[in-house]
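Okay, so here's the structure we're looking at.
Just so it is clear: chains get the letters A, B, ... in the order the sequence lines come, proteins before strands, and each one is counted from 1.
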Protein chains: 2
Amino acid sequence: MQLTREADYAVRCVLYLASAGGRPAAVGEIAEAQGMSAAFTAKILQKLVNAGIAASRRGVKGGFVLARPPAETTLLEVIEAVQGPLALNICVVDRKNCDRNSRCSVHPVWVEVQADMKKKLESYTFERLLNSSPR
Amino acid sequence: MQLTREADYAVRCVLYLASAGGRPAAVGEIAEAQGMSAAFTAKILQKLVNAGIAASRRGVKGGFVLARPPAETTLLEVIEAVQGPLALNICVVDRKNCDRNSRCSVHPVWVEVQADMKKKLESYTFERLLNSSPR
DNA sequence: TCGAAATAGGATAAAATTACTCCTAATTTA
DNA sequence: TAAATTAGGAGTAATTTTATCCTATTTCGA
């Protein structure tokens, strides 16, 4: 029931890129600023690129930038980019793990709680996060 | 970000005990009814007893019952009894993992999302779950 | 054109957590 | 006293998390 370290780092990466305002940032720079290992950070940034959240440029003067303006990327997208789709319980995402005894009165609750979470995480764009007062 | 199998099973155990209406149910009976292994189910029931959610009676004709009426046990309690306190991110529960760079604009979001989840899970008592229509 | 700086991606490994099992002891009833 | 049952400690297997390392590829600029 906990965010992985990877997801936490991913959010911090995007936050960093958002505050860099379009200037390409190299893995080393991002990792150092956030106190994360460079190799692991690189992996995470690759996932963000594959998800279309960040874009990369190779070679000298290369680095990472956001693929879209901060207002168009949400917390949920970033989390799902590295963790895969949010799933509170197996049965929510894979119904066949649920209906073994054909009636399960908790299933709708998992569905509801998960939908709430998604909605909330979706409501936070990185623009909103940047503008919110720190601490 | 997912419920453990243990927590899922725990909920099913309590649900079973709630529907048994005060009659003691043995581990074997509960496990079989829910398609769970007896040894693992026993461990989970012990945690529920230690948390004050269930009560046990040893010996012949022994078994488990709910320690309180279903209306007084919530989903949150059961989940926390086996998984420990809900924690969306380390920094929510252990602030020192967060303030390394003294400003973290996502922290309040984790706190908010977690509080929402807790509130929702707390609002579901087992009485409410029993009375809700299956599926 | 070459070398340095950077990302891309595959393979692998260490650590932690999850999901269990097994065994022995204690308790209760008939 | 025998059988049925929970209590609890210890151990194990599988999976997931959290990385590291190596090689290839791309890009820039001298």
Determine whether the side chains of E122(B) and T74(B) contain a donor N or O and an acceptor N or O closer than 3.5 Å.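 Not at all, the side chains of E122(B) and T74(B) share no donor-acceptor pair under 3.5 Å.
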
Nearest-nucleotide wise, let me know which of F64(A) and M1(A) is further upstream toward the 5' end of DNA chain C.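 Nearest nucleotide further toward 5': that of F64(A).
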
Side chain of [X], heavy atoms from C-beta onward: which of [options] has the nearest atom to it?
| X | options | result |
| --- | --- | --- |
| T4(B) | dG8(D), dA19(D), dA19(C) | dA19(C) |
| A39(A) | dG8(D), dA8(C), dC21(D) | dC21(D) |
| V60(A) | dC22(C), dC20(C), dT27(D) | dT27(D) |
| F40(B) | dT17(D), dG9(C), dA19(C) | dA19(C) |
| R58(A) | dC20(C), dT25(D), dA7(D) | dT25(D) |

[X] side-chain N/O to [N] phosphate OP1/OP2 under 4.0 Å:
| X | N | value |
| --- | --- | --- |
| S37(B) | dT21(C) | yes |
| S56(A) | dA6(C) | no |
| Y9(A) | dA19(D) | yes |

Any N/O donor-acceptor pair, K61(A) side-chain to dG29(D) base, under 3.5 Å: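 Checked by distance alone, the answer is no.
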
Ignoring hydrogens and angles, are the base of dG9(C) and the side chain of K47(A) linked by a donor-acceptor pair under 3.5 Å?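 Flag unset: no donor-acceptor pair detected.
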
Taking atom [atom2] of [N] as reference, at what distance in whole Å does atom [atom1] of [X] sit?
| X | N | atom1 | atom2 | value |
| --- | --- | --- | --- | --- |
| Q46(A) | dA6(C) | CD | P | 16 Å |
| R5(B) | dA14(D) | CZ | C1' | 15 Å |
| R12(A) | dT18(D) | CZ | P | 12 Å |
| K43(A) | dA11(C) | NZ | P | 11 Å |
| L48(A) | dG9(C) | CG | P | 13 Å |
| M36(A) | dT18(D) | CE | C1' | 13 Å |
| E29(A) | dA6(C) | CD | P | 10 Å |
| E32(A) | dA6(C) | CD | C1' | 16 Å |

Working note: T125(B) + E72(B), criterion side chain to side chain contact (heavy atoms under 4.5 Å, CB included); need CA distance, chi angles, decisive distance, verdict. CA-CA 7 Å; T125(B) 68; E72(B) 292 173 25; over 6 Å; no

Could you tell me whether R68(A) and E77(A) have a side-chain N and a carboxylate O separated by less than 4.0 Å?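 Looking at R68(A) and E77(A), the cut-off is met.
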
Kindly determine whether R12(A) and D8(A) satisfy salt bridge (charged side-chain N to carboxylate O under 4.0 Å, His left out), including the steps that lead there. CA-CA 6 Å; R12(A) 295 205 238 158; D8(A) 184 83; 3.1 Å; yes

Pick base, sugar-phosphate or nothing for G28(A), based on heavy-atom distances below 4.0 Å to the nucleic acid.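 The answer is nothing, as G28(A) stays clear of every strand by at least 4.0 Å.
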
Does the side chain to side chain contact (heavy atoms under 4.5 Å, CB included) test come out yes or no for Y124(B) and V113(A), once each step is laid out? CA-CA 11 Å; Y124(B) 282 96; V113(A) 173; 5.5 Å; no

